[in-house]
Amino acid sequence: VLLGQFHNTYLLVQRGDALLLVDQHAAHERILFERYRAQFYAGRPAAERLLLPLTLELSAQNALLLEQYLPQWAQLGFELEAFGRNSFLLRAVPALLAGRDVAGLIGEVLDELALFGKSGRLEEVFNEILERVACHAAIRAGDVLSREEMAALVAQLEGLEIHLYCPHGRPVWVEFPLRELEKRFKRIV
Ligand SMILES: [Zn+2]
C-alpha cells in the first residue's frame with residue numbers, strides 16, 4: 001500500500017507489518033531491466049526509428065569497439081551503421097529509450113567495454129548494455145511523481161519476484177519492521 005513520497009526520491013510503502021522505503025530510481029531501473037531482458041530473450045526488443053538518424057562521432061578506440069559488437073547492439077534494438085571514419089549513424093533505438101540521451105548512453109557503454117579489454121565475454125557486453133539502457137530509461141531520484149505513477153511503480157514491483165537489488169547492486173528498498181519502530185518509540189522493550 002502506497003503511503004507517499006519522501007524527498008522526491010523514496011516511496012513510502014506499507015507491506016504487512018513493515019514500512020518500506022523504496023528507492024524510486026532503483027525500483028524502476030529493476031522493473032525496466034527485467035522487461036527489456038525478457039524482450040531480448042523472447043526475440044528482439046521493440047525498437048523505435050528516429051525521425052532523423054543521429055550521427056555519432058567516436059574516438060578511434062570506441063569506433064573499433066562499436067564496430068566489433070554491432071550485431072549485439074542490433075539484437076538489443078539499436079540500429080547502427082558505419083558512416084565514414086570513426087562515425088556511425090544511429091537509425092533506431094530500443095523503444096524504452098525514446099526521448100533519452102542515447103549518444104551519452106552509447107559513450108558510457110563503450111567506455112565500460114574498453115575497460116573489459118579483449119577478455120570481454122558476449123554475456124558481459126549484453127549485460128552492460130541492458131543495465132545501462134534500464135538506468136537511462138528509468139525515472140530519476142528527484143523526479144516529482146503523480147500518485148498514479150507511484151502506485152503503478154509499486155504495483156509493478158510487487159509483480160516481480162522479490163529482487164532486493166537493482167542491476168548495479170544497490171538495494172531497491174529498505175525495510176523497517178513495525179517491531180523495530182515500536183522499540184524505538186519505547187512502546188515495547
Ligand atoms: Zn541507475
Side-chain angles (χ1 to χ4, degrees), residues 2 4-13 15 19-42 44-48 50 54 56 58 62 65-66 69 72-78 80 90 92-116 120-176:
L2 175 74
Q5 188 187 33
F6 173 63
H7 227 257
N8 291 338
T9 298
Y10 303 100
L11 306 184
L12 279 71
V13 176
R15 194 184 61 179
L19 173 67
L20 305 184
L21 285 185
V22 178
D23 180 316
Q24 65 190 36
H25 172 73
H28 197 214
E29 184 173 286
R30 175 43 90 176
I31 290 161
L32 294 179
F33 178 80
E34 296 294 332
R35 189 188 303 162
Y36 186 35
R37 190 169 59 171
Q39 286 177 355
F40 166 57
Y41 283 133
R44 200 165 273 225
E48 188 159 299
L50 302 176
L54 191 68
L56 304 172
L58 302 175
N62 278 359
L65 270 171
L66 191 58
Y69 296 116
Q72 284 70 43
W73 285 94
Q75 275 177 271
L76 286 165
F78 291 85
L80 285 152
L90 177 64
V93 299
L96 77 168
L97 276 179
R100 302 286 179 162
D101 168 25
V102 185
L105 174 150
I106 291 175
E108 284 175 25
V109 172
L110 293 174
D111 289 343
E112 197 62 34
L113 294 184
L115 296 179
F116 292 171
R121 306 206 325 271
L122 279 188
E123 206 184 313
E124 290 174 295
V125 174
F126 282 128
N127 229 18
E128 179 58 35
I129 301 174
L130 286 164
E131 280 181 16
R132 206 59 77 148
V133 167
C135 184
H136 273 253
I139 53 176
R140 329 225 131 242
D143 282 355
V144 181
L145 303 178
S146 70
R147 191 90 197 163
E148 291 72 35
E149 288 170 316
M150 289 188 246
L153 193 59
V154 171
Q156 285 174 301
L157 200 59
E158 281 165 356
L160 291 179
E161 297 159 52
I162 294 176
H163 287 296
L164 279 168
Y165 298 94
C166 80
H168 302 312
R170 288 199 299 112
V172 170
W173 67 68
V174 173
E175 184 170 352
F176 297 93

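Remember, predicted model here, so these are calculated numbers, not experimental data. One-based numbering, in listed order, for ligands and for the atoms of each.
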| Between Arg15 and Glu158, is there a salt bridge with N-O shorter than 4.0 Å? | no
| task | For the Zn ion (ligand 1), decide whether Glu131 has an N, O or S atom at a distance under 2.8 Å. | result | no
| Can you check side-chain contact (heavy atoms from CB on, under 4.5 Å) on Arg100 and Leu105, steps first, answer last? | CA-CA 9 Å; Arg100 302 286 179 162; Leu105 174 150; over 6 Å; no
| request: Among the N/O/S atoms of Glu29, select the one at the shortest distance from the Zn ion (ligand 1) and name it. | output: OE1
| query | Say you draw a straight line from CG of Leu153 to CG of Leu11; how long is it, rounded to the nearest 0.5 Å? | reply | 5.5 Å
| query | Taking the six-membered ring for Trp, are Phe126 and Phe40 parallel (under 30°), tilted (30 to 60°) or perpendicular (over 60°)? | reply | tilted
| said: With respect to the Zn ion (ligand 1), please indicate if His136 possesses an N, O or S atom at a distance under 2.8 Å. | reply: no
